[in-house]
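The structure appears right after this line, and notes come after that.
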Amino acid sequence: MSKERTRNGQPRQSEGVRAFKRGLDVLQEVNRSGGIRAGDVARALDLPRPTVYRLLETLEELGYVARSASDDRFRVTRRALSLGDGYDPGVVICQAAAPYLAELSKTLVWPVDLSTYENAAMVVQETTHSRSPLSIDRGMIGKRLPMLRTSAGRAYLAACAPRERDLIVSHLRRIDEADDRPFLDECRFTRMIAETAKRGYAVRSEGEFNPKTASIAVPIVRGDIVFGCISIIWIRSALSLDEAIARFVAPLREAAAAIPVEF
């Protein structure tokens, strides 16, 4: 039986082949974006939204993508990453931490972020800002947070190995951002790291980075590896630091200890 052909003589694609190609296109777009909503996939690929939703649901059922528990974005899973040579620890920790962040958001109400270290900054991989009624920020996914002026950065620096910390600080000195200079004073930096390590959590409470908010962060540590940090952010005028510590530190520590990570 001869195959049906188009006007230019090429074989016409069957519905099955066309659907398969669309599925691969959708998977590629999710992988390329690092995290994307279904509507944005539809616009990027110029496909009908119902088609994209259907393909994403199929990919999710097969285990190749996962929907974020906080902002309805789809990300590729470890199973999808195993198809190639790449391995993105940010994606892995994001998947593992998302349900714990969602639960923290329900109980603590204030927005919670998960961030990982990347090239002299902490990058927000997962967040509950979009779901928290108390958030004053939106669009936090992918945002780069300074190491010295945020609780996430301070928590990471205090928890990582001394050699890694020295390399990061050397990088920050080369970058030489004006706002970082006061915190790079050797005495001040040493004291900040020592205090943070002793507490087991970091604070940002003096209006640095964002004058309207304060934050607390705890590291996610297994052995001598720091996988990332969980931070909670609140409006400074709404809670004192002592009140925030009493309410937030224990749940943050419990979540950081419970997140299933591999190393």
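Basis for what follows: all heavy atoms, side chains included, without hydrogens, waters or symmetry-related copies. Being a predicted model, the structure only gives us computed values, none of them experimental.
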Cluster overlap V65 with L24, hydrophobic side-chain contacts below 4.5 Å: no

Side-chain touch Y64/L27, heavy atoms, less than 4.5 angstrom: yes

Enclosure of E60 CD (heavy-atom neighbours >12, cutoff 6.0 Å): yes

Nearest non-hydrogen partners of L104 and A255, listed with the distance: CD1-CB, 3.7 Å

Trace of the side chain to side chain contact (heavy atoms under 4.5 Å, CB included) decision for V52 with L45: CA-CA 9 Å; V52 170; L45 299 178; 5.6 Å; no

Sub-4.5 Å side-chain heavy-atom contact between L114 and Y100: no

Atom pair NZ (K21) and CD (Q28), whose distance is rounded to the nearest 0.5 Å: 9.0 Å

Separation of R49 CZ from D40 CG (nearest 0.5 Å): 8.0 Å

Separation of W110 CH2 from R247 CZ (nearest 0.5 Å): 8.0 Å

Pairwise side-chain contact, I232 with L252, heavy-atom cut-off 4.5 Å (strictly under): yes

Y53-F20 co-clustered via ILVMFWY side chain contacts under 4.5 Å: no

Short side-chain to backbone donor-acceptor contact, T150 and P146, under 3.5 Å: yes

I216 and I245, any side-chain heavy atoms less than 4.5 Å apart: yes

Non-hydrogen atoms of A121 and R144 that approach each other most closely: CB-NH2, 3.3 Å

Ring pair (Phe, Tyr, Trp, His ring centres under 6.0 Å): pairs with one or both residues in residues 154-201, sequence neighbours excluded: Y117-Y156

Minimum side-chain heavy-atom gap L148-L184 below 4.5 Å: yes

Salt bridge (Lys or Arg N to Asp or Glu O under 4.0 Å) between R154 and E208, worked out: CA-CA 12 Å; R154 293 168 178 175; E208 61 272 50; 3.0 Å; yes

Separation between CE of M147 and CG of L172, rounded to the nearest 0.5 Å: 7.0 Å

R204 and S215: side chain donor to acceptor below 3.5 Å: yes

Reported OG1-to-CD distance for the pair T190 and E186, which is rounded to 0.5 angstrom: 5.5 Å

Closest non-hydrogen atom pair, A152 against S115: CB-OG, 3.4 Å

T196: side chain to side chain contact (heavy atoms under 4.5 Å, CB included) partners, not counting sequence neighbours: A158, M192, R199, A202

Test log, rule side chain to side chain contact (heavy atoms under 4.5 Å, CB included), inputs L239 and F248: CA-CA 11 Å; L239 281 178; F248 301 148; 3.6 Å; yes

R163 with D166: basic N within carboxylate O range, under 4.0 Å: no

Test side chain to side chain contact (heavy atoms under 4.5 Å, CB included) applied to E103 - qualifying residues, sequence neighbours left out: K106, T107

K143, R73, R75 screened by salt bridge (charged side-chain N to carboxylate O under 4.0 Å, His left out) with E126, the one that passes: R75

Trace of the salt bridge (Lys or Arg N to Asp or Glu O under 4.0 Å) decision for E29 with R32: CA-CA 5 Å; E29 185 64 24; R32 184 197 63 76; 2.5 Å; yes

Between E61 and T58, a side-chain donor and acceptor under 3.5 Å: no

Side chain to side chain, I230 and V112, heavy atoms closer than 4.5 Å: yes

Residue pair A96 / I259: nearest heavy atoms and the distance that separates them: CB-CG2, 3.9 Å

Trace of the side chain to side chain contact (heavy atoms under 4.5 Å, CB included) decision for L241 with W234: CA-CA 10 Å; L241 179 59; W234 70 95; 4.2 Å; yes

Worked verdict on V30 versus L56 for side chain to side chain contact (heavy atoms under 4.5 Å, CB included): CA-CA 9 Å; V30 175; L56 284 169; 4.0 Å; yes

S231 versus D113, side-chain donor and acceptor atoms under 3.5 Å: no

Verify same cluster id: V203, I220 (apolar side-chain graph, 4.5 Å): yes

Heavy-atom closest pair, residues G200 and V218: O-CG1, 4.3 Å

Shortest non-hydrogen separation from R149 to E177 and the atoms involved: NH2-OE1, 3.2 Å

Residues in side chain to side chain contact (heavy atoms under 4.5 Å, CB included) contact with E254, at least two apart in sequence or another chain: none

Cluster check V76, I36: I/L/V/M/F/W/Y, side chain < 4.5 angstrom: yes

F209 with I175, same ILVMFWY side-chain cluster at under 4.5 Å: no

Whether R165 side chain and C160 backbone form a donor-acceptor pair below 3.5 Å: yes

Sequence-distant partners of E206, salt bridge (charged side-chain N to carboxylate O under 4.0 Å, His left out), two or more places apart: none

Spacing of N210 atom CG and T213 atom OG1 [to the nearest 0.5 Å]: 3.5 Å

Side-chain (R222) to main-chain (A257) donor-acceptor, under 3.5 angstrom: yes

Partner set under side chain to side chain contact (heavy atoms under 4.5 Å, CB included) for D185, not counting sequence neighbours: C187, R188

Heavy-atom check, side chain of T51 versus side chain of R22, under 4.5 Å: yes

